[in-house]
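To start, the structure itself, in structure tokens.
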Amino acid sequence: MLDGRYLRENLDAIRAAMGARGAGWDFDRFVALDDERRRLIGEVESRQAQRNEASKAIGELMRTGQRDEAEAAKQQVRVINDEIAGLDGGLAQTESDLREMLLTIPNIPHESVPVGTDENDNVEVRRWGTPPAFGFEPQAHWDLGPALGLIDFERGVKLAKSRFIVLGRDGARLNRALINFMLDTHGARGYREWAVPAMANSETLLGTGQLPKFADDLFHTDEGLYLIPTAEVQLTNLHREEVLEADTLPRQYCAYTPCFREEAGAAGRDTRGMIRVHQFDKVELVKFATPETSMDALEGMVADAEFILQQLGLAYRTIVLCTGDMGFGAAKTYDIEVWLPSYDNYKEISSCSNCWDFQARRASIKYRSPAEFKGSRFVHTLNGSGLAVGRTLVAVLENYQQADGSVVVPEVLRPYMGGQDVIKGEA
RNA sequence: GGAGGGGUGGCAGAGUGGUUGAAUGCGGCAGUCUCGAAAACUGUUUAGCGGGUAUCCCCCGCUACGAGGGUUCGAAUCCCUCCCCCUCCGCCA
């Protein structure tokens, strides 16, 4: 959510920013609603002041026994109250319209973000590693995984529905090894670990921006709860409606959770394999930072996510998303893409964003620094995958496969696999 | 799930319809004292919104005592619904 006052005072700049994003928004309606809102507030408040004054006087009249005068005054206040009620109705409607508008306007791109219309305008910033050269025809994970008994697509469908998978044997162990490796690695680099609910309420989803605009992407229960699409939701909302002390910033959090996505509108995309499924595991990174440091914090977070891939020896490239390709709440986003032989290309495995004060304003997450300023200010929130575990598992299988159909376990994972160095099919 | 109790400022805890945004205590901040600190004493200490001035300095007003509705001239105080917490019972990993 953007600040209504800031919006009002920077209409032209924000109009241009939304143009760069390719996001349509009715600025004229906003201005009209905002003017109307302030006019009504003025009217309502002046009458409320009258009423408070009169009520106080009535109390005095009652105490001194002037009943007739009191009754007359009461009648006057009733009239005022009727007026207030009438104005209030209009004000409530105007404010809810306004709030709805503010909740659906996307974030303003940071000045360092390249302007563009879609993913073709994203800019690669670096590459690391070399895609493996196989002396044989490499298999895609959707062939390799089932052959080794690691991934079972059919049973995933049997247990739930399509786009759910089952991991078996060393697939399950490798998945768990990746989770533990990622958590331990980030933990050693200054991220505090949390375990959070896999379900969240609507206030929480509103705070991070999944609601109200993207309800179709979420699974929900008939009790009004939603399955989380990412731990970002929970880690960021840990501090919803809180004021943090500046000397505790930046805060760096991480958590492993399953993630659930309806993937409405993704029919036909990535249908093969486990690249796009309804449930996957992810280790998430979240930071709370001051406005002065948040851009550096973003670079650091990207480096932390990249470090996992470096440790795993997986080739990747990092790109910065252009204005037209960024997510709703992001001011700047880097995607990290890992090399996947089956795609003969790089495929997204992490997305790290600085949301600026966009989520903080929605969720009311502030910080105070008495030595620097009075009161409190909104923090900046950042989030990034560190990494998507399912896709990492795919990348390990495909990049580490051998001519005989086995898979070498990356060295850093072996301690998490009981020393196992190769994955073979069942004997 | 059943029965009962309760949700007030950073914390503790008063307040059951009329200058109560809210006593008191603790904590925090500032000052006096001190070489400095402690103690003591004095003062101060919520947030959001609207307007003025103008821009984070102050002034005026409105709103907020779990959330939402209602009664009333007026509600932290009365009524209804919901949420949450505590105690006991039941159930359960």
Side-chain angles (χ1 to χ4, degrees), chain A residues 1-11 30-103 195 197-207 211 221-226 237-248 290-292 357 360-379:
Chain A
M1 174 161 58
L2 299 180
D3 179 30
R5 187 177 310 173
Y6 178 75
L7 223 170
R8 191 194 310 146
E9 291 168 359
N10 298 276
L11 269 183
F30 165 77
V31 170
L33 283 170
D34 187 59
D35 287 347
E36 177 70 354
R37 167 174 171 270
R38 284 186 290 163
R39 184 183 70 78
L40 288 170
I41 285 176
E43 301 238 351
V44 168
E45 287 190 351
S46 69
R47 282 171 178 74
Q48 285 174 329
Q50 280 177 39
R51 179 182 64 189
N52 291 344
E53 191 88 6
S55 291
K56 207 176 284 183
I58 290 171
E60 198 57 36
L61 290 171
M62 300 288 276
R63 199 173 300 109
T64 55
Q66 296 170 272
R67 304 203 73 88
D68 291 345
E69 289 85 342
E71 283 307 317
K74 285 185 187 182
Q75 190 51 45
Q76 287 179 6
V77 177
R78 285 196 194 98
V79 173
I80 295 174
N81 273 339
D82 287 345
E83 291 177 4
I84 292 175
L87 291 166
D88 247 343
L91 180 59
Q93 185 59 49
T94 303
E95 293 203 309
S96 97
D97 289 350
L98 211 46
R99 177 171 167 76
E100 194 176 315
M101 286 197 79
L102 288 172
L103 283 174
M199 289 199 262
N201 59 37
S202 55
E203 290 76 29
T204 298
L205 276 313
L206 202 68
L211 291 180
T221 73
D222 54 14
E223 293 178 313
L225 288 170
Y226 298 81
N237 276 284
L238 282 175
H239 294 304
R240 187 172 81 233
E241 285 152 47
E242 289 185 14
V243 181
L244 308 173
E245 297 297 331
D247 58 20
T248 68
T290 60
E292 297 76 36
D357 60 1
R361 178 170 288 109
R362 288 176 157 242
S364 186
I365 307 169
K366 300 179 173 181
Y367 75 106
R368 35 179 253 114
S369 180
E372 291 179 84
F373 57 85
K374 279 185 68 175
S376 55
R377 295 179 179 174
F378 291 114
V379 299

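First the proteins, then the strands, lettered A, B, ... as listed; each starts at 1.
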Discussion item. What's the gap between rA12(B) and rG27(B) when it is taken at their P atoms, as a whole Å value?
Written reply: 15 Å
Discussion item. Taking atom CD as the centre, does Glu83(A) end up with more than 12 heavy-atom neighbours from other residues, nucleotides or ligands that are less than 6.0 angstrom away?
Written reply: yes
Worksheet entry | Nucleotide paired to rC88(B) in any strand shown, Watson-Crick or G-U, under 3.5 Å | rG2(B)
Discussion item. Using a heavy-atom cut-off of 4.0 Å across all strands, would you classify Ile41(A) as base, sugar-phosphate, or nothing?
Written reply: sugar-phosphate
Item to complete: Determine the Euclidean distance between corresponding P atoms of rA3(B) and rC62(B); express it in Å to zero decimal places.
Response: 44 Å
Item to complete: Under a 3.5 Å limit for both distances, which nucleotide forms a Watson-Crick or G-U wobble pair with rG18(B), could you say?
Response: rC73(B)
Worksheet item: If you measure from the Lys or Arg side-chain nitrogens to the Asp or Glu carboxylate oxygens, is any gap between Glu36(A) and Arg39(A) under 4.0 Å?
Response: yes
Discussion item. Using the P atom as the point on both nucleotides, what is the distance between rA22(B) and rA64(B), in whole Å?
Written reply: 14 Å
Fill in: P gap between rU16(B) and rA76(B), integer Å
13 Å
Worksheet entry | Watson-Crick or G-U counterpart of rG31(B), or none if no pair lies under 3.5 Å | rC41(B)
Discussion item. Strictly distance-based, threshold 3.5 Å: is any side-chain N or O of Ser46(A) a donor or acceptor partner for the main-chain N or O of Glu43(A)?
Written reply: yes
Discussion item. Whether the side chain of Asn237(A) engages the backbone of Thr204(A) through a donor-acceptor N/O pair (distance < 3.5 Å, no angle test) should be reported.
Written reply: yes
Practice prompt. Look through every strand shown and name the nucleotide pairing with rG9(B) as Watson-Crick or G-U wobble, where both distances are under 3.5 Å.
Written response: none
Response to the item:
Bounded by its outermost nucleotides with an atom under 4.0 Å from a heavy atom of chain A, the footprint on RNA chain B reads rG18(B) to rG74(B)
Practice prompt. Tell me, please, which residues at least two apart from Glu9(A) pass side-chain contact (heavy atoms from CB on, under 4.5 Å).
Written response: Arg5(A)
Item to complete: Could you give the distance separating rU24(B) and rU20(B) at their P atoms, to the nearest angstrom?
Response: 12 Å
Discussion item. Can you tell me the base-pairing partner of rU46(B)? Count Watson-Crick or G-U wobble geometry only, both distances below 3.5 Å, and say none if there is no partner.
Written reply: rA64(B)
Worksheet item: So with a 6.0 Å cut-off around CZ of Arg99(A), is the heavy-atom count from everything else above 12?
Response: no
Worksheet entry | C1' spacing across the pair rG4(B) / rU63(B), given as an integer number of angstrom | 35 Å
Fill in: Closest-nucleotide ordering on RNA chain B, the 5'-leading residue of Ala73(A) and Glu9(A)
Glu9(A)
Discussion item. Pairing check on rA93(B): which nucleotide meets the Watson-Crick or G-U wobble criteria with it, both distances under 3.5 Å?
Written reply: none
Worksheet item: What do you reckon, is CD of Glu242(A) surrounded by more than 12 foreign heavy atoms closer than 6.0 Å?
Response: yes
Worksheet item: For RNA chain B, whose closest nucleotide is more 5', that of Gln48(A) or that of Met62(A)?
Response: Met62(A)
Practice prompt. Describe the nucleic acid contact of Ala54(A) in one word from base, sugar-phosphate, nothing, applying a heavy-atom distance below 4.0 Å.
Written response: nothing
Discussion item. Could you tell me how far rG13(B) sits from rA23(B) if I compare only their C1' atoms? Round to whole Å.
Written reply: 10 Å
Worksheet item: Given the P atoms of rG31(B) and rG74(B), what is the spacing between them in whole Å?
Response: 47 Å
Discussion item. For a quick check of understanding: with a heavy-atom distance under 4.0 Å over all strands, which category does Arg5(A) fall into, base, sugar-phosphate or nothing?
Written reply: sugar-phosphate
Item to complete: For residues Phe378(A) and Arg361(A), report the shortest heavy-atom separation together with the two atoms involved.
Response: CE2-CA, 3.6 Å
